[in-house]
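Scroll down for the structure; my scribbles are underneath it.
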Amino acid sequence: MTEPVSRVNRLLLHFSQTVANSRRLFHPFNPEDTAMAAPARKQLPPAYEPATVEGAVYDMWGRGDYFKPRIDPEQEPYCIIMPPPNVTGELHLGHGLEDAITDALVRWHRMQGEPVLWVPGEDHAGIATQNVIERELEKEGLTRQDLGRDVFVERTWMWVRKYRSRIADQHKKLGASADWSRDVFTLDDHIVRAVRKTFVDLYNEGLIYRGLRMINWCPRCETALSDLEVDYEEQDTKLWFVRYPMVGEGGMPLPDYVLVATTRPETMVADTGVAVNPEDERYEDKIGRMLLLPIIGREIPVVADDAVKPEFGTGAVKVTPGHDPNDWEIGQRHDLPVIVAMDRQARMNDEAGPYAGMTDLEARAAILRDLEDEGFLDHEEPYRHSVGVCSRCKTVLQPIPSEQWWLDVNKPHSGGVSLSKAAADAVLQGRITIVPQRFEKDYLRWMDNIRDWCISRQLWWGHQIPVWYCENRHTVVQTTDPASCPECGGSLRQEEDVLDTWFSSGLAPHADLGWPDDTEDLRYFYPTSDMQMGYDIMFFWCARMVLLGLYNMRDRGPENSVPFRTVLFHGLIRDAEGQKMTKSRGNVVDPLEVASKYGADAFRLAVLTGAGMGADQKYSDERLAAARNFANKLWNTARFVLMKVGEGRVRRPHHADQQSFAIEDRWILARLEQVTADVDSMLRAYQLAEAARTVEDFLWGEVCDWYIEFAKVRLNEGDERPKQVLVHVLDHGLRLLHPFMPFVTEELWQALKDHIDDDMAAALIVAWFPKSGANWADAGAIAGMEHVIEVNRAIRNLRTEKKLPAGERPAVYLRAADYAGALEETGAATNFTSRVSVSVLSANAELPPGDYAFQRVADTEVAVALPQVDASAERARLGKELAEAEAHAGRLEAQLANETFRSKAPANVIAGMENTLSETKSRIAGLRERIATL
RNA sequence: GGGCGAUUAGCUCAGUUGGUUAGAGCGCCUCGCUUACACCGAGGAGGUCGGGGGUUCGAGCCCCUCAUCGCCCACCA
């Protein structure tokens, strides 16, 4: 319980060290050892070309071995396991988003000096991959049965080898700083051992068992599925009403009958009863009597069961325990026989008598025809309901009783609780944090209602279940392959079924780190820190990792057996119309195509900021272009700075000299610190998108738009101070941005770092992340510069409005009070950037004769000299402005006159409002005066 | 049937403890002297924050309700 706190403390402690100290603490990489930085570029090209930069930068990181953590017992590590993409094909945009999120977190933590491990992996994806290979075979006119299991599996491995490397390559192109030396495939030998041990332990606990139950059967994939792998599709069909005649003495049909409603007449052949509600008076006298199953001629009983709703249909339901989950239950309660009338492929079998060999739909048509002919079909009604389909191939599923392997998630195990209870508690008690929090509800509700998990699959591709049967019906369950039956010495045959893919991926956090072996990685990195995935696999994966992780790692105790401390759920990337991207729709976008067009950094920034956490986003070229433009802007900012710095090295500004810096220097340095603090708190709160936007807005909207423009004048005069500031602000800006845009920032930082007279890391990826020390706080400079900026905006606004030619440099008089100093100090910059000739006057000074356009900014009056003025137009303009100002003042006065407001609102809000009111009032006075003189 | 989310400028989206006149990008209109950047710069137009009600001195934000869209879970003879 003290873990998270101590981690924070440790960080705070580190950051309170001096810069030089903290660098030594943070970075194990000795700059001299790793001086293999990218080849120094003589000059940066005028536009950022991602293609020429990304590969070289990624290689440089690889050569520096920066993706591998150094295990240091003194430090709290940061670890994140990659959700292993299926080896079925290439990565899609969603994987790109995951890389953007994970890599941002990983780089941020790495830059704080923590030992950071990102474990990459790929999933064998049992049913999905088998389907892909089967489709491949189909093109050659083959089936997997033609090949046989061994050849089929070997062929699948060939596919896996090809796609694993391709997938890794894609991650690398996107900049993923994962430790590739630890890459895990879910069928690797050590994962096989982990899977087998988990299975055997749970079997020995009695939690894994083999049982005959109703399951979801896919007739195309020919396997059982778990409840989660069932999709439901609305279907328009009919409700058919069929007469089941009563049977009299001696088996003779009577004229009386029971009318039943069914959507699946084809299952009639397997009916073994008819059920009614015990309270239903209509059928009171029929309960216990026998009916004659039409066409088939079998006698079946009428039973009373609470599960029957009297209001539905006729209130009487045919009971088909072999083909319906509810009927299975009813059948069990009333001891009705179970008839299964379909085979593995959903064709009618011999139990279906004359309909044997037909598909279910053929049989339905034939049976309806026969019922009609023989007068049993009463009528039909249109009916809409949903049918379960295979989430992989969309084939309609058949509920069928079948022997399968199950994991009992609700039965208490030797640890005293059930798997599901433990998994729910971990979240309820805050040992696992879900972000965004609203997903907690989904998770908990699912855990509360979870039923036993069908873990066996009738597939060839996957973890074969570690169970062996001998000829004398002995069963052997163990982690290693037995040579012969331990009980009778007989020869053994391994269970042919494989495990649900999610059984193995559910072990990822501990198995990827080496479990069941007691490895250094497992000891050091487990529990992992953050986990990240799309909300669509919350139950499939997140829930299973918690169920299985808590169990396998239970020796660690409640606090440290969790697979991860925090799990982030992100949304899906849809196409521009908001449709889900699927191969069948043909709207899938390849992240590498996007990255090659706009750059990997642009891709990452665009998808990261595309939507709030957990919300879906629409793919948009415009957003990509905007992100690319920002990368280019950054590039040119650096080009400018480097050009001004020239060959030499520049000292960082030192805050002891703060007062020797100009107001704009102090402003941008103070702002940098605020941004640094904001970014820090946002990242701690997993507000990645907000953090990235904050840095972007700062660099573009403040550094580029104002600081650089203002600095140009002094730079041209040979003032050295702006160089110090530029270099420092750019350096920190690149650091802050690096988690989000790693390539361009690294490339620029490599070009910049040798120009800073300071102890710089070998690479940005391992440079320390800025931490706000509040050394440059300067409220006066911030207020002053904000005012100066507003004044410049006013000047430009008037210029444009009065249509002054761009080449003209009109005189501007600023009648100022509080901000006179700031305006005076920045006068030359204002002249340059707003192309005017400024004079700062006292508030009540006379203006030289002539015409002016006026605007009021707080207590400063801006007067732009005009060649001549159209009095009526000017009066109208000022009148409008006056009306707005008066309305504003009116609102403020009303608010401030309100006694309850004055007594309840915080002082700073009242003070701020009063200040605005007095400024607005003086603005009104100025406007009235102007109008009067016109 | 139960639950969750969304609804803010023409489009895509920010807006986390309720606080002075609600933001960005793209698009649109006008202009562009100036070698960091036209993947740019300057200025501008454009929003009763889905409707209604409530709480509060004060609501885009909290509560109730309705509407539309989307999703999840359960059941569907």
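Chain letters run A, B, ... following the sequence lines, proteins first, then strands; residues in each count from 1. A quick note: this is a predicted structure, and the numbers were derived from the prediction, not measured.
Atom pair I434(A):CD1 and C72(B):P shows a separation of 18 Å (rounding to whole Å applied). Atom CZ in F640(A) sits roughly 14 Å away from atom P in G41(B) (whole-Å rounding). Separating the CH2 atom of W446(A) from the C1' atom of C73(B) is a distance of 12 Å, rounded to the nearest angstrom.
The side chain of M643(A) lies closest to A36(B), out of G3(B), A36(B), C39(B). Here the side chain of T263(A) is nearest to one of A77(B), C57(B), G19(B), namely A77(B). Here the nucleotide nearest the side chain of Q895(A), chosen from C57(B), C37(B), G43(B), is C57(B). Side-chain proximity of R623(A) to the nucleotides U12(B), C4(B), C57(B) is greatest for U12(B). When distances are taken from the side chain of M913(A) to each of A42(B), U20(B), C75(B), the shortest belongs to U20(B). Side-chain proximity of R574(A) to G19(B), C71(B), G43(B): nearest is C71(B). Of the candidates C75(B), A77(B), A14(B), A77(B) carries the atom nearest the V308(A) side chain, counting heavy atoms from C-beta on. Nearest to the side-chain atoms of K618(A) among the listed nucleotides G5(B), U12(B), C33(B) stands U12(B). Residue H385(A) has its side chain nearest to A77(B) when only A77(B), G15(B), G25(B) are considered. You'll find that the side chain of R835(A) is closest to C33(B), out of C37(B), G15(B), C33(B).
Rounded to whole Å, the separation between the P atoms of C66(B) and G1(B) comes to 13 Å. Spacing of C1' atoms, G3(B) relative to G43(B), comes out at 50 Å, to the nearest Å. U8(B) and G46(B) are spaced 13 Å apart, taking the C1' atom of each and rounding to whole Å. Between U30(B) and C69(B), the two P atoms lie 39 Å apart (nearest whole Å). Across A14(B) and A9(B), the matching P atoms stand 13 Å from one another, rounded to whole Å.
A cation-pi arrangement is present between R243(A) and Y257(A), with the terminal nitrogen or guanidinium carbon under 6.0 Å from the aromatic centre and inside a 45° cone about the axis. For K712(A) and F640(A), the positive end sits near the middle of the six-membered ring, less than 6.0 Å away and at most 45° from its axis.
Side-chain atoms of R623(A) and T609(A) form a donor-acceptor pair, as typed in the model, at a separation below 3.5 Å.
For E577(A), there are no side chain to side chain donor-acceptor pair (under 3.5 Å) partners at least two apart in sequence or on another chain.
Counting any heavy atom pair closer than 4.0 Å across all strands shown, K644(A) reaches no nucleic acid atom. Using a 4.0 Å heavy-atom criterion, one finds that T262(A) contacts the sugar-phosphate atoms exclusively.
Counting only Watson-Crick or G-U wobble pairs whose defining distances are both under 3.5 Å, the stems of 3 or more consecutive pairs in RNA chain B are B:1-7 with B:67-73, B:10-13 with B:23-26, B:28-32 with B:40-44, B:50-54 with B:62-66.
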Please enumerate all protein N or O atoms sitting under 3.5 Å from an N or O of nucleotides 27-30 of chain B, with distances to 0.1 Å.
none

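Closest heavy-atom contact between L228(A) and F540(A): O-CZ, 3.2 Å.
Looking at S620(A), its side chain has no donor and acceptor atom pair within 3.5 Å of the base of U12(B). Residue side chain E709(A) does not reach the base of A42(B) through any donor-acceptor N/O pair under 3.5 Å, judged by distance alone.
The aromatic rings of W706(A) and F710(A) stand perpendicular to each other, their planes meeting at an angle above 60°, with 30° marking the opposite boundary. Ring-plane geometry between F241(A) and H379(A) is classed as parallel, the angle between the planes falling under 30 degrees on a 0 to 90 degree scale with a further cut at 60.
Atom CG of L642(A) sits about 10.5 Å away from atom OG1 of T637(A), to the nearest 0.5 Å.
Between R693(A) and D697(A) there is no salt bridge, since no side-chain nitrogen of the basic residue lies less than 4.0 Å from a carboxylate oxygen of the acidic one. A salt bridge does not link R856(A) to E790(A): none of the charged side-chain nitrogens sits closer than 4.0 Å to a carboxylate oxygen.
Dashed line: the shortest gap from a side-chain N or O of W700(A) to OP1 or OP2 of A36(B) is not under 4.0 Å. Under 4.0 angstrom from either OP1 or OP2 of G5(B) there lies no side-chain N or O belonging to K441(A). Note on N629(A): every side-chain N or O is 4.0 Å or more away from OP1 and OP2 of G25(B). Distances shorter than 4.0 Å separate none of the side-chain N or O atoms of K633(A) from OP1 or OP2 on C39(B).
Map T609(A) and A638(A) each onto its nearest nucleotide of RNA chain B; the residue landing nearer the 5' end is T609(A). Mapping N797(A) and T916(A) onto RNA chain B by nearest heavy atom places T916(A) closer to the 5' end of the strand.
Remark: of the listed residues D271(A), V260(A), V258(A), V258(A) is the sole one forming a side-chain contact (heavy atoms from CB on, under 4.5 Å) with L291(A).
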